[in-house]
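This report refers to the structure that appears directly beneath it.
Note on naming: letters A, B, ... go to the chains in the order of the sequence lines (proteins, then strands), and numbering restarts at 1 for each one.
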Amino acid sequence: MKAEFGRLLLSWYAIHARSMPWRGKTDAYAIWVSEIMLQQTQVNTVIPYYNNWMQKFPTVQALAAADEHEVLNAWEGLGYYSRARNMLKAARQVCDKYQGVFPSSSEELRRLPGIGRYTAAAISSIAFGANEAVLDGNVKRVLARVYEFSEEVNTPEGEKKLWLLAAELLPRGEASAYNQAVMDLGATICTPKSPDCANCPVNSICLSYKHLCQGEFPVMHEKPPVPHIDVVAAIFRQNGKVLIARRPSKGLLGGLWEFPGGKLEEGESHAEALTREIREELGVEAAAVEKFGVYRHAYTHFRVTLQAWFAEIEGGQPTALEASELRWVKIEALGDYPMGKIDRSISNDLQK
DNA sequence: GAGCCGTGGTT
DNA sequence: TAACCAAGGCT
């Protein structure tokens, strides 16, 4: 039964494998770039970023020689920006410690920043043919349905058992194709909602299909509700330039640029919050002048409604008290500065 | 080890 | 519309 799963999947994959720019390659750098980009990110989103990245940074040496600003510019819009910062660190480590050649074992790969258990197994199997099974969201869903895995798949205990099951199912010598086959199946057939069981290559051995209970798997541990916060941002204009601040390199949107501002406190108006935040952040007195726009955005753990206001500094020179850097930038040049989605929207609207 | 970390697609 | 979730890792 367990060997049959792999055989069915490999036969299906030989015909139905999706086409991707990194598929068929065994260059560890190319596989690494694709796997980091694919973390929590769908294939179709990754493809244009991958192509642009490989053109800009074709080798690990080229990436190691880049600076963080360039790297974040190439990453802008992909999210989870620590991935980009960690890639730069890892590229430099590969050049310094491994003479620019990626290590082939998952143990050594995992020592590089940004490479965890999944990514180490993916790179070692796809680039080097190692007998390592992967476990990601797709594999969890497929295994949970095929084997009616009744424990929560997103808890340490559930994951521990699924890693063992994944390893048992791995057809030795076929790890590269097999791993990609399970993930393709999860992405195209065994989807989270309304899976296409009629066309599934493993429906003959799938227990939840047999019992028509696909909707009950995988069992997920409930996630806490996401809070909503109100935020204000200040647009200071001076001689055709606007003031932007670079966020600290750690934490949310680390290293990206933004219009200064912050959260409203209880009972505070946007204008009051703007004055307070600018005093705390830039060390100057400022006043909101005119509302520019309202922006909404959903992050993973909270939702934001942001009001952007034109504002004026009433005295003093802005200092980077909380930001890592401040800069007056021509509106036409805002595109050169990596930003998160909301601040990019503000920038684009300012250029209209 | 539980919470943090983005954005876009899908339903 | 709002919720879900995606080729996860870090602290």
Determine, using ring centers only, whether A:Y49 and A:W53 are less than 6.0 Å apart. no
Could you tell me the separation between the OH atom of A:Y80 and the C1' atom of C:dA6, rounded to a whole number of Å? 9 Å
Nearest-nucleotide 5' precedence on DNA chain C, A:P113 against A:I126: A:I126
Measure up the A:W257 and A:Y337 rings against each other and bin them: parallel (under 30°), tilted (30 to 60°), perpendicular (over 60°). perpendicular
Give the rounded distance in Å between these two atoms: CG of A:N154 and P of C:dC4. 12 Å
For a quick check of understanding: with a heavy-atom distance under 4.0 Å over all strands, which category does A:R23 fall into, base, sugar-phosphate or nothing? base
Under 4.0 Å from OP1 or OP2 of C:dA3: is there any side-chain N or O of A:R303 that close? yes
Can you check the A:Y13 OH to C:dA7 C1' distance for me, whole Å? 12 Å
Between A:E68 and A:R246, is the closest basic N to carboxylate O distance under 4.0 Å? yes
Non-hydrogen side-chain atoms of A:L334 and A:I346 separated by less than 4.5 Å: no
C:dG9 C1' sits how many Å from A:R83 CZ, rounded? 10 Å
Mind checking A:P224 for me? I need base, sugar-phosphate or nothing, with any heavy atom below 4.0 Å counting as a touch. nothing
Considering only heavy atoms, which members of residues 155-168 of chain A lie under 4.0 Å from some atom of DNA chain C? none
Whole-Å distance, A:L112 CG to C:dC10 C1', equals 15 Å
Before we go on, tell me: are the rings of A:W32 and A:F102 under 6.0 Å apart, centre to centre? yes
Flag the pair A:V134 / A:M183 as yes when at least one side-chain heavy-atom distance between them is below 4.5 Å, and no otherwise. yes
Is there a side-chain contact between A:I278 and A:V284 (heavy atoms, below 4.5 Å)? yes
May I ask you to say whether A:R23 pairs ionically with A:D184, meaning some side-chain N is under 4.0 Å from a carboxylate O? yes
Between which nucleotides of DNA chain B, 5' to 3', does chain A make heavy-atom contacts below 4.0 Å? B:dC4 to B:dT11
Rounded distance (Å) that lies between atom C1' of C:dG9 and atom CZ of A:R85: 12 Å
Could you identify which residues of residues 247-260 of chain A place a heavy atom less than 4.0 Å from some atom of DNA chain B, listed by residue number, or say none? A:G251, A:L252, A:L253
A:L207 side chain near A:V146 side chain, heavy-atom distance below 4.5 Å: no
Expressed in whole Å, how much space separates the C1' atoms belonging to B:dC5 and C:dC5? 15 Å
Please tell me if the side chains of A:C95 and A:Q61 come closer than 4.5 Å, counting only heavy atoms from C-beta onward. yes
What do you reckon, is CD of A:E222 surrounded by more than 12 foreign heavy atoms closer than 6.0 Å? no
Aromatic ring proximity A:H297/A:Y299, centre distance under 6.0 Å: yes
Are A:Y50 and A:W22 an aromatic pair, judged by ring center distance below 6.0 Å? yes
Close approaches to DNA chain B from residues 28-52 of chain A, in residue order (heavy atom, under 4.0 Å): A:Q40, A:T41, A:Q42
Kindly give the heavy-atom pair with the smallest separation between A:A311 and A:L274, and that separation in Å. CB-CD2, 4.0 Å
Using a heavy-atom cut-off of under 4.0 Å over every strand shown, decide if A:R141 touches base, sugar-phosphate, or nothing. sugar-phosphate
A:E4 bridged to A:R7 by N-O distance under 4.0 Å: yes
Just how far, in rounded Å, is C1' of C:dA2 from NE2 of A:H297? 15 Å
Length of the line joining A:K223:NZ and C:dC4:P, which is rounded to integer Å: 8 Å
Tell me whether A:E280 is salt-bridged to A:R276, with the criterion being a basic N under 4.0 Å from an acidic carboxylate O. yes
Side-chain heavy-atom pair A:V101, A:V60 within 4.5 angstrom cut-off: no
Mind checking the P distance from C:dC10 to B:dG8? Whole angstroms is fine. 24 Å
Expressed in whole Å, how much space separates the P atoms belonging to C:dA7 and B:dG3? 24 Å
With a 6.0 Å cut-off (strictly less than), is the heavy-atom count around CZ of A:R296, excluding the residue itself, greater than 12? no
Could you please spell out the steps behind the salt bridge (Lys or Arg N to Asp or Glu O under 4.0 Å) verdict for A:R327 and A:E325? CA-CA 7 Å; A:R327 199 171 289 190; A:E325 190 180 349; 2.5 Å; yes
For DNA chain B, determine which residues of residues 335-352 of chain A have any heavy atom closer than 4.0 angstrom to one of its atoms, and list them numerically. A:G340, A:K341
Base, sugar-phosphate alone, or nothing: which one does A:T119 contact when heavy atoms must sit under 4.0 Å apart? sugar-phosphate
Heavy atom of residues 179-190 of chain A under 4.0 Å from DNA chain C: which residues? A:M183, A:D184, A:A187
Does a side-chain N-to-carboxylate-O contact under 4.0 Å join A:K140 and A:E159? yes
On DNA chain B, nearest-nucleotide positions of A:S194 versus A:Y81: which is more 5'? A:Y81
Taking the C1' atom of each, how far is B:dG1 from C:dG9, in whole Å? 13 Å
